[in-house]
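Here's the structure, in structure tokens; my notes come after.
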Amino acid sequence: MVYKINNLQEYQREYAASVENPEAFWAKQAERFQWKKKWDCVLDWNFSEPDVKWFFGGKLNITENCLDRHLLNKGDKIAFYWEPNDSAEARRSITYRELHTEVCKFSNVLKSLGVKKGERICIYMPMIPEVVVAVLACARVGAIHSVVFAGFSASSLSDRINDAKADLVITSDGSFRGNKTIAIKDIVDEALENSPGVKNVVVYKRTSQPVTMKPGRDLWWNELIEKASPEHEAEPVESEDPLFILYTSGSTGKPKGVVHTTAGYMVFAEYSFTNVFQCNEDSIYWSTADIGWITGHSYIVYGPLLAGVTSVLFEGIPTYPNPGRFWDVVDKYRVTHFYTAPTAIRALMACGLEYVTPYKLDSLQVLGSVGEPINEEAWHWYDDHVGKNKCPIVDTWWQTETGGILISPLAGITKTKPSYATLPLPGVQPVIVDSEGNELKGNNVEGNLCIKFPWPSIIRTTYGDHERCRQTYFSTYKNLYFTGDGCRRDEDGYYRILGRVDDVINVSGHRMGTAEVENAINEDETVIESAVVGFPHDIKGQGIYAFVICEDPELDHETVRQSVLATVTRIIGPIAKPDKIQVVRGLPKTRSGKIMRRILRKVAEGDVSNLGDISTLLDPGVVEEIKKGALVPLKG
Ligand code: 7RM
């Protein structure tokens, strides 16, 4: 068994070994980490409950593996170069030793606030080094972090705090994003009106804008850390103790708290990072994701730190001060490995080459893509203009629930093919099934993507509701983990992900449940009922198309639109704002009251040539009216 795969034969050998004897394979991988106590049993699992345990009986702390383990040989190596939103502001860099010290200090702060093992802590912060410190300090004291993307609204934040029963929130006064300053602490204050369980809020001073500090509840990070000791002995936790909760959208209205546990997540985050990206001692790795998403957890914080790599941490956005920002940062830090989302590539592509050609980009070696299917045009643009046709593109398919990359080329090893995620990582056993759950064997097949054997970082439960986890992922097909994605395996055995087959829309790489958006729209005072579907969008991949029935049919449509947009922003956040809002008098419902989304999807796509059987509709007349008012040109 090798740690880092070097060529295709080695990949094939490792893959075969991982299927032949998964326990021996993963035990070998786990051995290079620091354990306080070795495991008793490598794997125990069933997908029916589900109940999956990796490295059971072991004790460890993931932060010792991210930090302490590197101090001897890499203490002075840079862990993060931090690039602020405004490039004129002083940049910062932090070594492994300095990060260790900061994490120890903040762990002591958490201890002084009475934080105990297993407690949930909510983190709502901008992309600054302190968000990494906060995440790692939670893990170091054995608390469970729940990071909430700082673009979510107060109401979304409050829901997540309440679901996780978090009693501590870590945040900042404000944040800088592009030319905007966002009042982060005000959002937290508003959220806490509906989250009475929160006892303390720790506030990092980032923007120095005025905030209200509630006496007895709110504390300044900067003051607490000054008095904290830099010595902290990491708390040993069990292999299967939860490391974090991360909320994600599904087909039902309420986001689920995906739970990942410690040891298996650690082993897979490091293994996948090492093998997919193929960094070396001198690499400068940059993932443009936000810590609020799984990519930020696995491939900004844990993977790179476990591997002892130097990364760039970026506070800003791709288009500020102009659409050349990514490339400016690449040249500035001599980035070798660059990982971003197709939506960002398409957005920058639309801005024109004049923002790319002024930059050298000659440090780049590997390019990555994640979050949604990458279309061929974007793949080629990325390859030609960013990678200059000399950088392999790793199109990495995975999910919040999978914890790490499952299907992807290994950089420089697997031959790539535009828009294909290519082959499974060792330890990953994908199957494609038809709608009855029959496995479609062989090549040139298309169906639903499932995984038939556990990998170390598989979702363990959905927080506070195990049945929901079983129902969502393990009940559609017996003894299989169902991904929710459609997939094709081509003549080379390569996997191409086709997108979601459930009621989830992927907007700019962000998952949105249609029911979740509908619930938010229905809160609007001008609306009685709504139905939301996805439609192809040039930049975002998918856009949100909302059909709404108004309280007052005479109300001016623009007024309705503005009102709905404001309500969705208030309830979920700006990322859930519909791109198109069509006011309708009725929705196409069956006699049993079910909305026929298929019809709405067709209208939103602009193709009504074949609407299928509409005779079961309660009132087939609504279809004509909807077609007439469509906000896209219709063909057919
Ligand atoms: C990492 C992440 C997961 C969903 C997943 C897919 C889609 C992600 C790719 C992709 C095609 C890819 N987690 N997806 N990566 N589709 N090719 N390389 O995005 O939980 O937020 O979303 O994203 O539909 O099910 S996520």
Side-chain angles (χ1 to χ4, degrees), residues 147-149 151-152 244-251 255-260 265 268-269 272-273 276 287-300 302-303 339-346 367-376 378-379 382 393-409 414 416-425 428 430 448-451 457-459 462 472-473 476 481-489 494-514 516 534 540-542 575-576:
V147 182
V148 176
F149 172 58
F152 277 120
F244 65 85
I245 305 171
L246 184 58
Y247 286 85
T248 191
S249 297
S251 7
K256 300 180 273 280
V258 171
V259 175
H260 284 291
Y265 175 82
F268 197 76
S272 55
F273 176 76
V276 169
S287 159
T288 67
D290 190 282
I291 305 268
W293 312 113
I294 190 69
T295 306
H297 285 60
S298 303
Y299 302 114
I300 292 180
Y302 290 112
Y339 192 27
T340 196
T343 188
I345 299 167
R346 288 190 300 261
L367 302 177
S369 171
V370 61
E372 46 174 324
I374 178 164
N375 49 309
E376 291 202 25
W379 195 98
Y382 201 24
I393 297 179
V394 291
D395 178 357
T396 65
W397 174 83
W398 59 297
Q399 309 178 294
T400 305
E401 295 86 343
T402 69
I405 297 166
L406 296 196
I407 305 182
S408 169
T414 317
T416 60
K417 197 186 235 188
S419 78
Y420 279 77
T422 75
L423 298 170
L425 264 65
V428 177
N448 292 340
L449 179 62
C450 296
I451 318 283
S457 60
I458 186 174
I459 179 175
T462 43
T472 312
Y473 308 104
T476 316
Y481 165 81
F482 176 43
T483 64
D485 281 318
C487 179
R488 207 187 116 66
R489 189 167 48 226
Y494 270 24
Y495 291 83
R496 177 183 195 154
I497 310 299
L498 303 169
R500 303 289 305 194
V501 295
D502 54 6
D503 288 323
V504 171
I505 316 179
N506 193 325
V507 187
S508 303
H510 301 148
R511 274 165 69 170
M512 300 297 328
T514 52
E516 191 184 352
K540 300 179 176 186
Q542 277 189 298
I575 57 174

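Note that ligands are numbered from 1 as they come in the structure, with each ligand's atoms numbered from 1 the same way.
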- Message: Tell me which residues fall inside the under-4.0 Å heavy-atom shell around ligand 1.
- Response: I294, T295, V370, G371, E372, P373, D395, T396, W397, W398, Q399, T400, D485, I497, R500, N506, R511
- dist S408:OG -> D395:CG (nearest 0.5 Å) comes out at 7.0 Å
- Note on the structure: Those residues at least two apart in sequence (or on a different chain) that pass side chain to side chain contact (heavy atoms under 4.5 Å, CB included) with S457 are Y265, F268, W455
- Partner set under side chain to side chain contact (heavy atoms under 4.5 Å, CB included) for N506, not counting sequence neighbours: E372, Q542
- Query: Is a side-chain N or O of T396 found less than 3.5 angstrom from the main chain of S369, in a donor-acceptor match?
  - Reply: yes
- Residues passing the side chain to side chain contact (heavy atoms under 4.5 Å, CB included) test with V259, sequence neighbours excluded, are P242, I245, T461, Y463
- Given F273, F244, W398, the one that forms ring-ring contact (aromatic ring centres under 6.0 Å, His included) with H297: F244
